[in-house]
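We name chains A, B, ... by the order of the sequence lines, and we start the count at 1 in each one.
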Amino acid sequence: MAATFGDFIRAGRAELGAAANAPEPAAEKVPAAAQGLYRLVAAMSRCAEDLVPYGDIDAVVRRPDLDSWMRAAVDVREALRLATGSLRPINGHGTRRIGDLPGMLTRHLAAATMSLTVGRDLLHTHFSASAWGELQRRSDWSDVITSEPVTSALLEELADWARRLAPLTARLSFDPAVAPATRESLDDAARWLWTTGAAVRTAQEVSPVPSSGHPLLHAVPAYVVPARRPPREPEPVTELCEGISIGALRLRLAACGAAEDATWSHAVTAAGWRSVAAAAAAAGHASGLVLDALIKRVVDSEAGPQLRAAAAAVETAWSAWRRAAAAWGVMTTETSGLDSPKVADTSDLLLRMGRLAWNNPHWTPGRGQSAPLRDPADLAPNSAGIGGVTAAVHHTWAALADTAAADLGAVRGAVRAGRLYVPTRSLPEEYDVPRRFGPALPAQLDKLEDAYRAAAYASAQAAMALGAVAVAVGAPSSILAAARSAATRQHGPGWRHHQDPRGPAGQQARAVVGPGPVEQAVRQLGPVDATVVLRAAAIDRAARNLVAEARASKQNGLPTAGAPAGTWPSAAGAAARVAAKDYPSGPPGWLAGTQTDSSQPQLQSGQPPRPRSLRPADVHAQRHRRGK
Amino acid sequence: MTGMLAIDAMRARLDGAGSLAETLATGWDAFELLRAATDGCADGADGLFAAFMTASASAANGRDLVGWAPSLPPGRAAGIGPRHEPLHDPDEVADALAMLATALSARLSSAASQAAHTEDRSACEHAADEARRIRALLIRDA
């Protein structure tokens with residue numbers, strides 16, 4: 001079983017608790033403890049950085065569509081950065097002599113840092129970087145990690161850690177034997193940690209974290225593709241269900257990135273797609289029989305109507321898969337073969353689902369292995385059995401929903417790449433093609449795409465209906481239902497691009513450690529609200545990023561590169577976006593009506609205006625609207 | 001719905017196919033008939049649904065394999081015989097299709113042994129495998 005984020009969070013919390021109860025370190029050990037604190041707060045700061053999907057300025061200018069949690073994310077990130085800056089050793093936190101052992105407090109802080117860092121790495125296993133440095137999803141957990149419930153839960157977690165660390169940090173500065181500079185930096189850090197803890201309060205009041213937030217955050221597993229487990233004979237019901245869940249997970253993971261492969265991979269073939277669709281229809285049909293048996297087991301319970309609704313949805317879905325298989329007709333690709341792992345996984349799914357449905361441990365789709373249906377009491381003898389079998393069917397349809405959606409995208413990709421052909425011997429006489437194969441006809445392609453669209457929709461409906469059943473019967477797949485529900489609730493465009501620390505903007509960010517001009521000006525006013533200081537720091541950083549971007553583009557002699565369509569601008573591009581946001585795209589208002597461009601034809605009355613070119617900010621805004 | 005008459009007619013065509021080119025052309029049509037028939041019979045065949053669906057995919061694969069054989073003559077397919085026959089019992093159709101698949105695998109295996117061209121031989125051998133798979137799926141007693 002893969003490790004989950006919760007494993008590391010729990011371990012980290014335990015270390016924080018132990019750190020709070022650790023004996024006060026002697027004055028000479030305080031610098032080492034401060035260094036431990038610095039590392040932990042820096043790790044928390046990196047976590048918070050992940051959660052801000054917008055440019056800094058978006059939060060600073062109080063964009064009305066920025067929700068309270070995203071504003072909190074910006075504030076938490078800034079407060080943690082300031083805390084990190086306070087703790088950062090300017091001349092080092094002193095030196096450790098060989099043979100010095102770190103104190104208890106330092107050891108617990110180091111262990112907590114390790115837990116949080118590994119936990120963050122675990123979340124990152126669900127993303128990969130494109131050639132443009134943009135984050136791309138690798139699994140269906142990617143959308144869960146960037147969802148509203150989970151990001152707000154993680155912010156709450158970070159704020160809680162900060163609240164635990166603040167008194168501990170302040171306590172370290174009490175000892176007058178500690179160097180004044182160290183005491184001052186600890187005091188400063190403690191203040192920013194308190195601010196971090198308080199930064200989420202408004203969001204908590206306005207929009208409490210959904211009940212699914214923390215359980216989902218804790219349940220995020222490491223991205224691991226489990227090894228294929230071919231069916232063996234005989235497998236008891238529990239093993240069949242477990243095997244189905246593993247195969248379904250493999251299919252869900254394979255669904256990510258399938259569309260790109262379809263445009264070029266010779267392993268992606270019409271034969272493979274057709275086999276997957278046929279096996280999906282047959283496995284779906286068998287799953288309907290399994291649900292019929294479950295209905296008999298829960299006839300008097302509250303789950304009965306939900307199960308009947310799910311069975312109806314499943315019947316619609318497997319019929320749709322059957323039409324998708326048939327829609328291939330005589331179409332083919334330039335390569336053949338059934339080498340795709342998806343073919344093996346759907347075949348395994350079919351075998352195991354058939355063995356659940358029919359009373360024959362050696363069942364295969366062959367007619368010679370026909371058998372009577374399995375006795376419902378044998379299939380699910382108790383509530384645990386009902387939950388297990390429900391989970392197996394639920395996992396199956398979640399996988400088939402993802403597979404159908406991926407295959408729809410892949411078929412579109414294959415059509416765009418001109419990879420679908422028909423044999424000319426199948427064409428009517430009026431088609432005069434002097435080769436053995438010609439491009440598939442538009443009507444055939446439309447029919448194929450429609451069939452996959454219907455399969456994707458119907459399968460998603462079936463998965464949703466089964467999710468409700470899973471929750472009702474307390475099936476182990478309940479968390480999958482919650483995850484799929486949460487994944488639909490995104491803040492916007494997803495996790496922010498990670499600044500490349502080796503790039504100019506990253507170097508700039510590391511080089512500048514002191515407060516910027518806006519923050520300094522705000523601080524000179526005397527005591528002000530901490531949030532104002534946070535926003536000032538954000539403005540300074542946006543400005544630094546802009547300067548770094550300008551410097552990089554000047555050094556390269558190139559205009560600032562934009563990301564390709566469908567990706568998010570880089571950190572440097574984000575700075576340009578911020579600048580472009582308030583830059584007028586047309587003539588100033590006072591010029592309107594007084595000047596005309598003689599090179600442009602004048603518009604006639606009633607003629608539609610020419611579309612103006614989009615600014616980066618417009619593109620950003622459009623994508624954002626689509627993402628909402 | 002492609003039915004018993006079409007299956008009988010296709011078996012007769014297979015028996016009459018002499019040359020490699022004729023075997024390939026008839027084989028292409030036979031696989032297409034198997035595909036259409038198994039696909040059509042899947043509806044209403046609860047116990048045989050998985051067998052028909054899987055056989056349909058195998059038939060399409062076999063048809064494609066024959067389609068890539070260099071000796072497959074150009075031109076239009078001869079077709080798969082009479083359609084829109086009255087619906088037959090799925091068990092009865094499965095028996096007839098299993099027999100057709102048996103005949104098809106035998107013809108293709110024989111053609112593979114006679115083929116001079118490596119690609120023809122490979123296409124016939126692999127297509128014969130698909131025909132055997134269809135037979136195994138549809139035969140009453142494996």
J.: A/Trp321 versus chain B, heavy atoms under 4.5 Å apart: side chain, backbone, both or neither?
T.: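 For A/Trp321, there is no contact with chain B at all, as no heavy atom is under 4.5 Å.
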J.: Which atoms of B/Arg35 come close to chain A, meaning under 4.5 Å heavy atom to heavy atom: side chain ones, backbone ones, both, or neither?
T.: side chain
J.: Which one, A/Arg435, A/His285, A/Arg425, leads in non-hydrogen pairs under 4.5 Å with chain B?
T.: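 The residue among A/Arg435, A/His285, A/Arg425 with the greatest pair count is A/Arg425.
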J.: Look up atom CD1 in B/Ile139 and atom CZ in A/Arg367, then write down how far apart they are to the nearest 0.5 Å.
T.: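 CZ of A/Arg367 is found 8.5 Å from CD1 of B/Ile139.
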J.: Other residues, nucleotides and ligands only: do more than 12 of their heavy atoms fall within 6.0 Å of CZ on B/Arg135?
T.: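 Check fails, neighbour count at 12 or below.
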J.: Begin from the C-alpha positions of A/Arg436 and B/Leu72 and carry the test side-chain contact (heavy atoms from CB on, under 4.5 Å) through to its verdict.
T.: CA-CA 9 Å; A/Arg436 298 174 68 169; B/Leu72 177 69; 3.2 Å; yes
J.: Side chain, backbone, both or neither: which part of A/Leu373 has a heavy atom under 4.5 Å from chain B?
T.: neither
J.: With a sphere of 6.0 Å drawn around OH of A/Tyr457, does it hold more than 12 non-hydrogen atoms of other residues, nucleotides or ligands?
T.: no
J.: For the atom pair CG (B/Asp64) and OG1 (A/Thr333), what is the distance rounded to the nearest 0.5 Å?
T.: 7.5 Å
J.: Given the options B/Pro73, B/Ala60, B/Ala98, which has more heavy-atom pairs under 4.5 Å with chain A than any of the others?
T.: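 The candidate making the most pairs under 4.5 Å is B/Ala60.
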J.: At a heavy-atom separation under 4.5 Å, does B/Leu138 approach chain A through its side chain, its backbone, both, or neither?
T.: backbone
J.: Under a 4.5 Å cutoff for heavy-atom pairs, which residue among B/Ala69, B/Ala42, B/Gly47, B/Ala55 has the most contacts with chain A?
T.: B/Ala69
J.: Which distance, rounded to the nearest 0.5 Å, do you find between the CG of B/Asn61 and the CZ of A/Arg274?
T.: 5.5 Å
J.: Would you sort out whether A/Ser275 and B/Thr54 count as a side-chain contact (heavy atoms from CB on, under 4.5 Å), showing the intermediate values?
T.: CA-CA 7 Å; A/Ser275 291; B/Thr54 316; over 6 Å; no
J.: Relative to chain A, which segment of B/Ala25 carries a heavy atom at a distance below 4.5 Å: side chain, backbone, both, or neither?
T.: both
J.: Relative to chain B, which segment of A/Arg322 carries a heavy atom at a distance below 4.5 Å: side chain, backbone, both, or neither?
T.: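 For A/Arg322, the contact with chain B is made by backbone and side chain together.
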J.: Counting only heavy atoms closer than 4.5 Å, note whether A/Ala325 contacts chain B via side chain, backbone, both or neither.
T.: side chain
J.: When heavy-atom pairs shorter than 4.5 Å are enumerated against chain A, which of B/Pro70, B/Ser58, B/Pro74, B/Ala57 gives the highest number?
T.: B/Pro70
J.: For residues A/Ser426 and B/Trp28, report the shortest heavy-atom separation together with the two atoms involved.
T.: CB-CH2, 4.0 Å
J.: Which atoms of A/Met353 are under 4.5 Å from chain B, going by heavy atoms: the side chain, the backbone, both sets, or neither?
T.: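 Nothing of A/Met353, per the 4.5 Å heavy-atom cut-off to chain B.
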J.: When rounded to the nearest 0.5 angstrom, what distance separates CZ in B/Arg63 from OG1 in A/Thr332?
T.: 7.5 Å
J.: Residue by residue, scan residues 358-366 of chain A and write down, ordered by number, those that have a heavy-atom distance under 4.5 Å to chain B; if none do, write 'none'.
T.: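 Result: A/Trp358, A/Trp363, A/Pro365, A/Gly366.
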J.: For chain B, find which of A/Pro423, A/Ser347, A/Gly329, A/Ala271 contributes the most heavy-atom pairs closer than 4.5 angstrom.
T.: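 Winner by heavy-atom pair count: A/Gly329.
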